[in-house]
Amino acid sequence: MNFVARLKKDLTGDAGARFVFVNNFEVERSWAVGEPKLPGAGISFAGATVNRMEEMGALLAGEGDLVVLKAPMDAAFAGYLARIGAADGTTLIAEHNDPDAMVTEDALNSPELLGRLRELADGNTYLMPLGISASEEALAKESGLPLAGSTAQICKAVNGKVFSRGLVDSLGLRQVPGRVIHTVGELRDALTEQLALGGRVVVKESLGVSGRGMVVVEDERGANRLLRLIERRGADAPANLVVESWIEHAQDLNYQFVVSRTGGVRFETVKAAVLKNGVHQGHRFPVELPPVAARELAEAVEKIGKALHDEGFFGMVGVDAMLAADGTLYPCLEINARFNMSTYQSRIAEKFIPEGRHAIAATFSLKLQREHTFAEVEAALGDLFFTGAGDTGVLVNNFATLNAANTGEGSFHGRLYAICVGDSPEEALAVRTEAERRLAAMAGEDA
């Protein structure tokens with residue numbers, strides 16, 4: 001049973017159910033509305049680019065499934081996915097496309113699309129969002145298609161970093177030194193306490209996403225600067241922050257498991273961040289953990305999964321963890337009870353990365369002067385361009401984000417998402433490094 005069939009079985013009870021994927025990346029933006037924010041921590045990459053990440057769903061859908069997109073796929077990119085057999089589903093396009101809106105919001109404003117979705121209601125077709133907020137509940141109501149997941153209220157609750165830290169304490173798992181604060185007035189003591197332990201301190205919003213909504217405090221001077229900004233709100237103002245010690249030289253891990261509708265817990269995968277000269281290169285897989293850490297991680301999966309089901313949650317779960325330089329595992333920094341990037345790589349991994357092969361899931365960030373075609377990307381990659389099973393090279397799994405931020409008013413920042421495949425971890429990293437150089441040359445910049 002492949003990944004999508006397993007997921008359907010877990011969430012609906014039927015491996016043959018039909019999913020309509022709605023890939024609402026950064027659903028946290030919806031959950032975080034009205035929540036306290038850190039000063040200066042809300043700066044976001046172009047929303048238009050993030051919103052076009054929904055194209056990744058085309059590589060997740062199985063035969064018979066559908067994927068809702070903001071705009072039609074580039075014909076050359078769609079042809080490439082078809083040639084290598086990486087996309088088996090059908091796309092549905094929202095006729096109303098606001099670049100700054102998530103795909104769910106576009107769908108709700110597209111009467112023709114809503115009509116198509118209503119026609120799919122057969123008792124065995126489900127909406128499968130990345131994460132569930134009020135907008136996805138509204139789409140389910142408008143379309144008549146049930147959601148393959150928990151309520152928006154439950155999803156928001158279990159995705160908070162404040163919730164994660166409390167859960168780790170209650171389960172007796174190893175915890176990064178730190179504490180939760182609920183009001184602004186508690187922050188000064190928390191920072192003083194953590195800085196006294198030595199090293200840097202990180203302050204996180206409960207519902208921050210993608211590295212935003214957090215501030216790293218280097219020393220007492222940095223702490224005072226943050227306090228001057230936030231204490232203007234008053235000591236009793238809500239904060240809902242996590243204050244933790246920064247674990248130096250740790251390896252960042254992300255693991256993924258599924259909590260079934262009936263409470264079963266099934267581990268899927270673990271990936272590790274790759275750094276080169278201190279710069280993040282992506283996530284590598286497969287990962288072989290030290291035996292003790294692997295055992296502790298497996299125990300954490302079972303405990304966290306069962307606790308989430310007790311909260312009323314079922315669905316995909318990604319957990320951020322750390323492996324310290326001395327081999328100590330911190331099994332849960334935060335819970336992302338939703339799809340994550342690993343989810344969108346699952347079918348690719350099953351099909352193109354068999355045992356013995358290695359991969360790095362990479363993001364290439366480019367400063368572009370104009371739009372670039374998929375043919376130009378293929379030409380730039382040259383012999384690194386992935387052409388099928390058994391191949392090494394660069395498999396592009398999202399093209400829409402490359403040109404999404406182009407407004408026609410000068411240079412813009414583009415992203416290209418890809419899986420870099422090799423016969424060893426070293427070869428996969430070498431593929432990624434050379435691909436970055438070639439794509440930078442295409443863009444007219446130095447790598």
Side-chain angles (χ1 to χ4, degrees), residues 28 31-32 35 131 150 154-182 186-187 189-191 193-194 197 199-209 211 213-214 216 239-248 250-259 263 265-273 287 289-290 292-338 340 342:
E28 285 88 348
W31 291 331
E35 295 291 327
S150 310
I154 290 172
C155 289
K156 175 181 176 178
V158 302
N159 271 277
K161 295 176 182 63
V162 169
F163 172 86
S164 295
R165 189 165 180 92
L167 184 66
V168 169
D169 280 339
S170 69
L171 295 176
L173 300 173
R174 185 179 295 111
Q175 182 85 282
V176 174
R179 59 188 273 198
V180 169
I181 68 160
H182 296 287
E186 300 172 62
L187 181 57
D189 285 347
L191 285 171
E193 181 181 299
Q194 294 309 125
L197 298 177
R200 294 182 288 174
V201 175
V202 59
V203 184
K204 306 175 185 176
E205 295 174 3
S206 188
L207 287 165
V209 59
M214 60 180 281
V216 177
N240 295 331
L241 301 171
V242 171
V243 182
E244 293 177 338
S245 295
W246 185 277
I247 306 298
E248 301 289 350
Q251 171 135 64
D252 291 327
L253 304 174
N254 178 272
Y255 57 94
Q256 183 176 226
F257 60 91
V258 182
V259 179
V265 180
R266 179 173 53 75
F267 175 77
E268 274 288 343
T269 186
V270 60
K271 296 180 180 178
V287 175
L289 297 175
V292 172
R295 184 178 65 252
E296 291 182 349
L297 188 145
E299 292 171 355
V301 166
E302 287 297 321
K303 289 182 178 180
I304 295 170
K306 289 177 181 177
L308 288 175
H309 191 262
D310 288 345
E311 295 287 333
F313 178 83
F314 63 97
M316 182 64 63
V317 182
V319 179
D320 290 340
M322 282 192 306
L323 188 65
D326 63 0
T328 300
L329 178 72
Y330 296 92
C332 180
L333 303 182
E334 67 175 90
I335 296 166
N336 295 305
R338 53 165 173 75
N340 53 71
S342 289

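Applying the side-chain hydrogen bond (donor to acceptor under 3.5 Å, both in side chains) test to every pair with at least one member in residues 306-318, sequence neighbours left out, gives no pairs at all.
By the side chain to side chain donor-acceptor pair (under 3.5 Å) test, R174 is found to be paired with E296, residues two or more places apart in sequence or in another chain being considered. Qualifying side chain to side chain donor-acceptor pair (under 3.5 Å) partners for K156, counting only residues two or more places apart in sequence or in other chains: E35. K271 meets the salt bridge (charged side-chain N to carboxylate O under 4.0 Å, His left out) test with no other residue; sequence neighbours excluded. The side chain to side chain contact (heavy atoms under 4.5 Å, CB included) check on V317 picks up F257, V259, L308, F313, V319, I335, with sequence neighbours excluded. For R179, the salt bridge (charged side-chain N to carboxylate O under 4.0 Å, His left out) partners are E193, not counting sequence neighbours. For A157, the side chain to side chain contact (heavy atoms under 4.5 Å, CB included) test picks out no residue, with sequence neighbours left out. By the salt bridge (charged side-chain N to carboxylate O under 4.0 Å, His left out) test, E28 pairs with R338, sequence neighbours left out. In this structure D320 satisfies the side chain to side chain contact (heavy atoms under 4.5 Å, CB included) test together with N254, L333, E334, N336, sequence neighbours excluded. Applying the side chain to side chain donor-acceptor pair (under 3.5 Å) rule to E186 yields the partners T183; only residues at least two apart in sequence or on another chain are considered. Residues that satisfy the side chain to side chain donor-acceptor pair (under 3.5 Å) test with D326, not counting sequence neighbours, are T328.
Residues C155 and W31 form a side-chain contact, since some pair of their non-hydrogen atoms from C-beta on lies under 4.5 Å apart. Taking the side chain as every heavy atom from C-beta outward, V301 and Y255 approach each other to under 4.5 Å. Under the 4.5 Å side-chain criterion, counting only non-hydrogen atoms from C-beta, S245 is in contact with L197.
No donor-acceptor contact under 3.5 angstrom links the side chains of N240 and E205, judged on distance only.
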